[in-house]
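In this chain, numbering begins with 1 at the start of the sequence shown.
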Amino acid sequence: MKFRRMFTLLILVVFLSNNYVGYAESSTHNLEKSIDMFIDREMEKLKIPGLSASIVLDKFEYSSGYGFRSSGNKAVDERTLFELGSNSKAFTGLALLHMVKQGKLSLDDNVTAHLPWFTAVLDGTESDINIRQLLHHTSGIPTDSITLIPESNDADALKQMLMEMVPVQLVNKPGQIFEYATLNYDIIGLIVAEVSGMSYEEYMIENIFNPLGLLNTFPKAQVQSEENMASGHKLGFFGAASYDGPSYRGNTPAGYIVSNAEDMRQWMKIQLGMVNVPGFGEVILESHMKDSTLEGIQEGAPYAAGWEIYSFEGEQLEHSGANPGFSSYMLLNKGKKIGVTVMANLNSEAVFSIAMGIEQILLGNTPTPSEVDLFLILNNVMRVLLALSLLVIALSLFFCSRMYKDKHRSFQKPSLNAGIKLTLLSVGYAIFTVAIYLSPTVLYHGYPWSFLSVWAPSSLVVGAIFMVVAAGGCLLCGGYSILFPKRKD
């Protein structure tokens, strides 16, 4: 009897175990399927050519590729490399804090302690900036300083760039105001290089990426083969097209680290304390410590070492990244042990909405459909304006041609009234052209057209040019009708 009871109990345990495993596998499969369906739907809606997602939730791990890495239709997979944009900053911030732990420098050191030639000026007066202010974006360097970063692929582009920028012009007193500026982390990157006696790129590979087990994470210039690299894309009149953006090697510490979904999964597990790397545990926690100096003074999410700190289901770290042709979004919910990284080969706000939607799925909620991406809206608007401009140009050519062939028209010396009309037409055209030229000042925080031609959809510049040409066609028709009026027979 006792043997039969034990045998029955054993059969029951095996049965339940098998059913539990089957349920767990089914649950995991359903979760992966929900994520895949959500991503596919959002990519189609937001015109994303290729995307990679990496996810961790306690013991659940998932990474996958979607769409295509290039115009050659080669599929994205979890090994496909993407530019991280400003998600590079967390790596540079970690490198700095690791040096602090080693006693090689202090966050309270002035920048000039390590870069003696560096100067910053506020209203014509030199101001001292310390490293902590760079780390937390309270240095006083303005956001639009990104427009000063020159194209270069030289090995010493970082130092060259910063030496050419001095004196750096400030807009706020250091330590007083948070203003995000990508240049802050480029300066940190050069400090890391100068203190280590190595190039920034070499230091990061040997002292950060390799020790952390991130063997497919590199400064962009150190990528040995383009075979696994996704191609950047830009929106245009006919959808997303391949775009090979300029090389900004001097901006590597702040924006030009590349990685893939496999390494991002490892990176998130390290950040969430799920993987312990000797020598980095304390430094990782320190990199999550927010700047508290502006609490109660300035609204907005506090900033840590390459992370924005939010309160959602506990403490949540987030950061976005954008480069010409690429974008990324990363979030880490420390309480729920959730990590999500989304990388795309198009500069798009979609990575934010997709990352947030995945988090909602992991929390058992229905993801909120994304709002339309602003660049997508802009591209659609420019499509309409281009169509209207082409119509105006065609009509202008048609009417000018008819007037030219009209034998009842002949040149007449302009009267006072005709002169006023010509002047008003010319002034109107000049005002319209100047308004188009100055529109970035109002719409894009003062960024110049040269900057927008790299970062914005290609339709923006092309559409603006055709609008000016269309206005010129109207001026030509109007001017011709005034100077060559019909004769009154």
Notebook entry, point to check: Of all heavy-atom pairs between F237 and G463, which one has the smallest distance, and what is that distance?
Noted result: CZ-N, 4.0 Å

Checklist line | Passing candidate, side-chain contact (heavy atoms from CB on, under 4.5 Å) with D128, options V111, T119, N110 | finding: N110

Checklist line | All side chain to side chain contact (heavy atoms under 4.5 Å, CB included) counterparts of E201, not counting sequence neighbours | finding: S199, P219, A221, Q222, R249, T252

Next item on the list: For Y437, look at atom OH and say whether over 12 heavy atoms of other residues, nucleotides or ligands are found less than 6.0 Å away.
Entry: no

Item checked: Y185 versus G306, closest heavy-atom pair with distance -> OH-N, 3.0 Å

Checklist line | L215 backbone acceptor or donor facing D263 side chain under 3.5 Å | finding: yes

Next item on the list: In sequence, state the C-alpha distance, the side-chain angles, and the governing distance for Y180 and H136, and then conclude on ring pair (Phe, Tyr, Trp, His ring centres under 6.0 Å).
Entry: CA-CA 8 Å; Y180 185 91; H136 296 144; over 10 Å; no

Note to self: Using the ring centroid of each side chain, check whether H98 and F280 are separated by less than 6.0 Å.
What the structure shows: yes

Next item on the list: Not counting sequence neighbours, which residues clear side chain to side chain contact (heavy atoms under 4.5 Å, CB included) with V469? List them please.
Entry: I393, I465

Next item on the list: Applying salt bridge (Lys or Arg N to Asp or Glu O under 4.0 Å), name anything that partners E61, two or more places apart in sequence or on another chain.
Entry: R265, K269

Next item on the list: Would you confirm whether S389, through its side chain, and A470, through its main-chain N or O, come within 3.5 Å as a donor-acceptor pair?
Entry: no

Note to self: Distance to the ring centre below 6.0 angstrom and angle to the axis at most 45 degrees; does that hold for K220 and Y256?
What the structure shows: no

Note to self: In this structure, is the centre-to-centre distance between the rings of Y303 and H137 below 6.0 Å?
What the structure shows: yes

Check: Are Y66 and D40 close enough, and set up right, to give a side chain to side chain contact (heavy atoms under 4.5 Å, CB included), and what steps lead you there?
Finding: CA-CA 7 Å; Y66 307 83; D40 287 337; 3.6 Å; yes

Next item on the list: Might you work through the ring pair (Phe, Tyr, Trp, His ring centres under 6.0 Å) test for W267 and F91, ending with a clear yes or no?
Entry: CA-CA 10 Å; W267 175 239; F91 292 107; 4.1 Å; yes

